[in-house]
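Within every chain, numbering begins at 1; the chains are lettered A, B, ... in the order of the sequence lines, protein sequences first and strands thereafter. Please read these numbers as outputs of a predicted model, since none were measured by experiment.
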Amino acid sequence: MPRYNVKETEAKWQKQWDAQKCFEVEHDPSRPKYYVLEMFPYPSGRIHMGHVRNYTLGDLVARFRRAQGFNVLHPMGWDAFGLPAENAAKENKVHPAEWTRANIASMRTQLKSMGLSYDWRREIATCEPDYYRHEQKMFLDFLKADLVYRKESWVNWDPVEHTVLANEQVIDGKGWRSGADVEKRKLAQWFLKITAYADDLLSALDGLDRWPERVRIMQHNWIGRSEGAHIAFQIAGRDAPLDVYTTRPDTIFGASFMAIAANHPLAADLAQDNPALQDFITQCNRMGTSEAAIETAEKLGFATGLHCVHPTIEGETLPIYVANFVLMDYGTGAIFGCPAHDQRDLDFARKYDLPVRPVVCPDGTDPATFSIENDAYVGPGRIVNSGFLNGLEVDAAKSQIIAHFEERGMGKRQVNFRLRDWGVSRQRYWGCPIPIIHCDACGAVPVPEDQLPMTLPEDVDIDVAGNPLDLHPTWKHVACPSCGEQAVRETDTFDTFFESSWYFARFCSPASNIAFDKDAADYWLPVDQYIGGIEHAVLHLLYSRFFTRAMKECGYLSLDEPFAGLQTQGMICHETYKNQDGKWMFPTDVVRAEDGALTDANGNAVKRGRSEKMSKSKRNVVDPEEIIGNYGADTARLFMLSDSPPDRDLDWTDSGIDGAWRYVNRLWRLVDEPSLPLAATGDPRPTDIANSTANVERLVHKTIQAVTNDLERFHFNKAVARIRELSNALEGLSKNDSGAPWVMRFGVETISILIGPMMPHLAEEMWHSLGHETLVAETAWPVADTSMLNDETVTIGVQINGKLRGTIDIAKDTDQDAVKEAALSLENVQSFIGDKEVRKVIVVPNRIVNVVI
RNA sequence: GCGGGUGUGGCGGAAUUGGUAGACGCGCGGGAUUCAAAAUCCCGUUUCCUCGGAAGUGUCGGUUCGAGUCCGACCACCCGUACCA
């Protein structure tokens, strides 16, 4: 048998699509549009299986929607700025620009081998001035629109490398390369006012009905709107009050201490003449800036010796601590601690032996005996031990106490957000330069727009301690655009989330000499289907939503939400292997004996570990290039779509890819060596079709219906199963049955089109082999004949007390009494009933009968 | 720590959203074909069992005629946690 020749076939059809410009798309207001976008990759150099999955999913949607008649925009580009290029530069002495461009070239070749239906004319790379010049302009527009400001903020500082470290470069409080203790430092940085849109970003989540619920919940919680009170506590012996934000003002009578962040101004003030406190602050500052590190660290406090006057209990005072778990970024950086009703406060109180006084008593519990041991009580209840608040429910007490403070000028009702403004300054080389010039006389002056783009200098020394732009001998020295005196450029670059916050709009008119043409954006946006990893659930997606609003504010476009539909994908996992020395091994270095035992090349035993996310560090990776080289793109694509639903993790297995490969060949044989001669192209449907063959014909229609449904709902694994069922049935057709040659052709042609979005090369090859001169890529999606979808009979389960005891085959929509009678007359049912009384019979039409005895 | 998610045969998963648990595939077992192998095809495959049944969807409990699906508690793993992208 001539095996399906993957290499030749796939190359042939890729050339055909190219030659016929199948996927080049134009702005055409007369046609309905559909914008499919996959999260663009960071050009690390080689595609990995995660990319293969992501782009297979996107390509399926793009080809499916195109077949349905949409004008489909499906572009690809490169998220090309970022830290890995600088790391590579340090390790391999290669310039980030050169490294990045070479990576893009090789990854483009790899992507093209997958047969993806991109309009490659629209490719963009964010590291090119042609792209980033527009975000420099945008930044200046945002500045004019009062959406940008500068303030001091904390960074991780490596005292040995003299650089700012990313959170992932801080390991257990130490620099990943230097191993030195990390310090927190304060730097002046640029911020975008995302909080100005906090309410809108929150309420608009309700309208994103084609987003996964969990992503909306995560964003909801991230924005974290809370209603509470701002309270000014008087500090004994000081004039300036201590401002506190709390969501639980109702627990004020239970307060037993105050705590402020280590970088609170009051802490810094007190530390000036208190070396022990200074030591404590230094110790807190070694923790790095990540929330996870701060929150999981042991709760520590330092008593300042100062006290606040309790605002509602005459004569009582509250000791002020500096505490490592209080975040300066949230609220006012100071809290009052009520140990009975907050777990962290309770842990802290136990550690420092502070009073724990319950003030909320759960309903049904006696306040006299209610006490707190190891768990704080955070539920509802009535207020106790709280003077004039006693007896109130929690919510009523909140209102009452806030009114109390407002009357006395001690506090007020306040809405607070967890969301913080977006710091966009990065002290790095490989990013978009921030178009600002700092002048001693004029302050921060925007680079005049006619001087954009402000390009990155390429003649830098990457391998230095510090920021290469800052250390460049000439680049930063310029005349102030305002007064002409000597000034310096901003040497920070943008956070790389900046580029990915608007690239979807650039794709609409990628060659435009402005950021994007408004007409094109109005036509193509929003993205109808966005596809990418769940890890971007909050940051990238929230920044993009904010950016779209900011761009609208500045007149760039006219919509709020960039992504109408969102699909998240799970990760690719693979077994892990360790050799005798406990080192991770590549799957390709593991030798499998016939009995399944694993060894290395020298015959030493290899330990098999559980399946984990593919990662370079654990070496459990499979190279897509090798897979595509051996099996072809269609097989790889089929594997990505079979079995696991898109949003779940997918286990890579050798047997799985073999199974996909076998099915590709099996489909090919369906046309290459069919089990019976096919009817001629265009033959009319014969009037005489044997019963079993007619069932298969109905199955073709059912499959069209089901697959269409499944593809629309992202149930790609089910769609594959449906197609397999159909091909199984076609293989079972008997050549002796009347109508079989016609049904066979109908079925195989249908399959060719249905697999078009999944295995596009094979689809074309089958279609061509069936005698068609056209391309599947240009063929309309089939529509099922609805009169062929229903069977006349149904099989109904018969239960006794909820347990299945038999089934009945009966005409669809049979009268309930007849169904009941048929069920009760089953022999097995009768024997179970015996002489017991039938108390009730529940009949669910066309589904089930349950006899209760 | 906090926020979000996932958990069904040996394995990946399906189950019309409260109605016959295990579609489809992988693996495995048996058979056919072959000098032999590969490939291919056919049959079987949740577990236990006294062959009549019994148990079974991470664990424990609840609601219901009926629970993988709903409710409560717990366990394990994964994602995010604002400078990885």
Exercise. Tell me, what's RNA chain B's dot-bracket, Watson-Crick or G-U with both distances under 3.5 Å, | for other-strand, [ ] crossing?
Worked result: (((((((..(((......[....)))((((((.......))))))(((....)))..(((((..]....))))))))))))....
Exercise. Should the pair A/Y503 and A/F40 be assigned to parallel (<30°), tilted (30 to 60°) or perpendicular (>60°) ring geometry?
Worked result: parallel
Exercise. Taking the six-membered ring where the residue is Trp, are the ring centres of A/Y132 and A/F81 under 6.0 Å apart?
Worked result: yes
Problem set entry | Euclidean distance for P, B/G66 against B/U81 (whole angstrom) | 46 Å
Problem set entry | Distance, C1' atom - from B/U45 to B/A23, rounded to whole angstrom | 15 Å
For this session: Fit a plane to each ring of A/H540 and A/H536, take the angle between them on a 0 to 90° scale, and name the class: parallel (under 30°), tilted (30 to 60°) or perpendicular (over 60°).
Result: perpendicular
For this session: Record whether the side chain of A/Q343 comes under 3.5 Å of the base of B/G1 through a donor-acceptor pair of N or O atoms.
Result: no
For this session: Fit a plane to each ring of A/Y42 and A/W99, take the angle between them on a 0 to 90° scale, and name the class: parallel (under 30°), tilted (30 to 60°) or perpendicular (over 60°).
Result: tilted
Exercise. Where does the angle between the aromatic ring planes of A/W422 and A/F498 fall among parallel (under 30°), tilted (30 to 60°) and perpendicular (over 60°)?
Worked result: tilted
Exercise. Can you name the nearest heavy-atom pair linking A/D421 to A/F191, along with the distance?
Worked result: O-CD2, 3.7 Å
For this session: Taking atom C1' in both B/U20 and B/G56, compute the distance separating them and give it to the nearest angstrom.
Result: 15 Å
All N/O contacts under 3.5 Å from nucleotides 76-79 of chain B to the protein, with atom names and distances to one decimal?
residue, atom, partner, partner atom, Å
B/C77, O3', A/R610, NH2, 3.3
B/C78, OP1, A/R610, NH2, 3.1

Every protein N/O lying under 3.5 Å from an N/O of nucleotides 55-63 of chain B:
residue, atom, partner, partner atom, Å
B/A55, OP2, A/K803, NZ, 3.2

Exercise. B/A85 phosphate, OP1 or OP2: any side-chain N/O from A/T496 under 4.0 angstrom?
Worked result: yes
Problem set entry | Phosphate contact (B/G25 OP1 or OP2) by A/R662 side-chain N/O below 4.0 Å | no
List every contact pair, protein side and nucleotides 21-24 of chain B side both N or O, where the distance is under 3.5 Å.
residue, atom, partner, partner atom, Å
B/A23, O2', A/E725, OE2, 2.8

What N/O pairs connect the protein and nucleotides 30-34 of chain B at under 3.5 Å? Give each pair on its own line.
none

Problem set entry | Heavy-atom side-chain proximity of A/N717 to A/R648 below 4.5 angstrom | no
Problem set entry | A/N828 side-chain N/O to B/G53 phosphate OP1/OP2 under 4.0 Å | yes
Exercise. Got a sec, which residues hit salt bridge (charged side-chain N to carboxylate O under 4.0 Å, His left out) with A/R216, two or more places apart in sequence or on another chain?
Worked result: A/E213
